[in-house]
There are 2 protein chains.
Amino acid sequence: MILSKTFGYAIRGILYIALVQKEERKVQIEEISEKLSVPRHFLGKILQELVRNGLLTSVKGPNGGFSLGENTLSKSLLDVYRTTDHIEQLTQCELRFNQCDKIHPCPLHDKVQQIREEFIALLSKTTINDLITGTKKLQLHNIATTGV
Amino acid sequence: MILSKTFGYAIRGILYIALVQKEERKVQIEEISEKLSVPRHFLGKILQELVRNGLLTSVKGPNGGFSLGENTLSKSLLDVYRTTDHIEQLTQCELRFNQCDKIHPCPLHDKVQQIREEFIALLSKTTINDLITGTKKLQLHNIATTGV
DNA sequence: ATAATAAAAGACATCAATGTCTTTTATTAT
DNA sequence: ATAATAAAAGACATTGATGTCTTTTATTAT
Ligand code: FES
Ligand code: FES
């Protein structure tokens with residue numbers, strides 16, 4: 001896998017909220033972690049970070065919970081990646097040398113650079129909404145289990 | 001970075017041996033780790049694995065050391081990857097679901113599958129020799145430091 | 001105001017990747 | 001045979017990613 005577990009949890013969490021929010025309600029971390037089979041407190045911290053970065057909204061107390069923000073659906077996978085991973089690593093040398101460019105290429109640079117750029121472009125142009133509409137009728141089972 | 005630190009050490013180690021082996025001699029782990037600024041014993045274990053997988057040759061005792069095997073130069077990056085990483089992960093779901101194919105796609109599958117295939121193809125078709133001849137006149141400084 | 005609720009925050013645990021140190025084994029030169 | 005050399009192997013340490021548990025803070029209903 002190229003993507004971190006944390007990133008996956010974040011995407012699935014956001015999608016779950018998007019799926020049930022049609023019913024116009026807040027969603028509690030308890031429900032999300034149970035339905036998605038994701039560690040509750042770990043997911044909690046991830047969603048907290050998403051809130052800090054404006055990707056989600058949260059309210060404490062009774063009837064509180066998480067919900068999508070105004071423009072969550074138009075956020076990109078790169079925006080999510082920025083909150084769950086170290087964005088710099090996307091552009092750093094695969095051999096971890098200080099510079100990574102055509103001028104100072106490591107033996108792998110010319111081989112991997114194009115693919116890495118395609119990957120970054122993908123994260124950048126794909127939105128949460130793309131994930132929802134892209135999968136023909138996204139449903140709970142598409143994000144729920146670690147199985148079939 | 002997509003590739004592990006271990007993979008990078010392996011590649012650099014092999015390339016170092018290839019560069020100095022013109023002089024027809026064995027290379028000691030001590031020299032490699034020093035010239036490449038790589039942890040000696042960690043690199044040792046990595047090279048051991050490469051030997052087990054037929055990517056390198058090693059001899060104990062005085063005048064011993066590591067050297068390229070008959071066909072090391074024609075080995076692919078995927079062969080190296082196989083000894084340093086978990087090859088299955090290359091084809092597993094980015095959200096870590098049990099299946100990963102067009103029939104059971106997770107929300108990310110259609111987005112990332114093509115790029116992942118390109119990446120695997122790259123590892124598969126690129127050989128050690130490609131790295132040597134691909135970089136215009138590969139030299140020590142191309143693999144030696146973690147910097148410029 | 002008080003109690004209940006739910007997120008936020010903090011301390012700590014576990015695991016895999018990475019790194020260090022010591023002992024063992026094989027080979028060679030004497 | 002013995003000593004020196006160098007890889008192999010094994011035990012242990014560190015770090016970052018991941019996961020668990022407890023306490024705190026904010027909000028709401030009563
Ligand atoms: S210099 Fe190594 S990947 Fe760019
Ligand atoms: S099913 Fe998730 S990447 Fe293929």
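Chain letters run A, B, ... following the sequence lines, proteins first and then strands; every chain starts at 1. Scope of the values below: all heavy atoms of this structure, side chains included, with no hydrogens, waters or symmetry mates.
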Determine whether [X] and [Y] make a side-chain contact, defined as any pair of heavy atoms from C-beta on separated by less than 4.5 Å.
| X | Y | result |
| --- | --- | --- |
| A:Lys102 | A:Asp110 | yes |
| A:Glu118 | B:Gln114 | no |
| B:Asp130 | B:Leu77 | no |

Would you classify [X] as touching base, sugar-phosphate or nothing, given that sugar-phosphate means primed atoms plus P, OP1 and OP2, and contacts are heavy atoms under 4.0 Å?
| X | answer |
| --- | --- |
| A:Val27 | sugar-phosphate |
| B:Lys45 | base |
| B:Gln48 | base |
| B:Phe7 | nothing |

Notebook entry, point to check: What nucleotide among D:dT27, C:dA8, D:dT18 has an atom nearest to a side-chain atom of A:Val59?
Noted result: D:dT27

Item checked: Nucleotide nearest A:Gln28 when distance is taken to its side chain, options C:dA6, C:dT5, D:dT20 -> C:dA6

Notebook entry, point to check: Do you reckon A:Met1 sits in the same ILVMFWY cluster as A:Phe7, going by side-chain contacts under 4.5 Å, direct or chained?
Noted result: no

Margin query: So, using side chain to side chain donor-acceptor pair (under 3.5 Å) as the criterion, who are the partners of A:Glu117 when residues are at least two apart?
Written below: A:Gln113

Under 4.0 angstrom between [X] side-chain N/O and [N] OP1 or OP2:
| X | N | value |
| --- | --- | --- |
| B:Asn63 | C:dA29 | yes |
| B:Thr6 | C:dT18 | yes |
| B:Arg52 | D:dA9 | yes |
| B:Lys60 | C:dT24 | no |
| B:Ser4 | C:dA17 | no |
| A:His41 | C:dA8 | no |
| A:Lys26 | C:dA7 | no |
| B:Tyr9 | C:dT18 | no |
| B:Ser58 | D:dA8 | yes |

Check: Does C:dA13 have a Watson-Crick or wobble mate here (both distances under 3.5 Å), and if so which one?
Finding: D:dT18

Next item on the list: Tell which nucleotide pairs with C:dT25, taking only Watson-Crick or G-U wobble pairs whose two distances are both under 3.5 angstrom.
Entry: D:dA6

Checklist line | 5′-ward residue of the pair A:Ile29/B:Asp85 relative to DNA chain C | finding: A:Ile29

Without decimals, in angstroms, what is the distance between [X] [atom1] and [N] [atom2]?
| X | N | atom1 | atom2 | answer |
| --- | --- | --- | --- | --- |
| A:Asn53 | C:dA8 | CG | P | 13 Å |
| B:Leu43 | C:dT20 | CG | P | 12 Å |
| A:His86 | C:dA17 | NE2 | C1' | 14 Å |
| B:Ile46 | C:dT20 | CD1 | P | 12 Å |
| A:Glu49 | C:dA7 | CD | P | 16 Å |
| A:Arg12 | D:dT18 | CZ | P | 13 Å |
| A:Phe66 | C:dT5 | CZ | C1' | 14 Å |
| A:Tyr81 | D:dA17 | OH | P | 10 Å |

Next item on the list: Identify, between A:Gly61 and A:Phe42, the residue whose nearest nucleotide on DNA chain D lies closer to the 5' end.
Entry: A:Phe42

Margin query: One pair to check against salt bridge (Lys or Arg N to Asp or Glu O under 4.0 Å): B:Arg116 and B:Glu94. What are the steps and the verdict?
Written below: CA-CA 10 Å; B:Arg116 296 199 308 170; B:Glu94 291 295 329; 3.1 Å; yes

Checklist line | Residue among A:Asp79, A:Asn71, A:Leu68 satisfying side-chain contact (heavy atoms from CB on, under 4.5 Å) with A:Leu55 | finding: A:Asp79

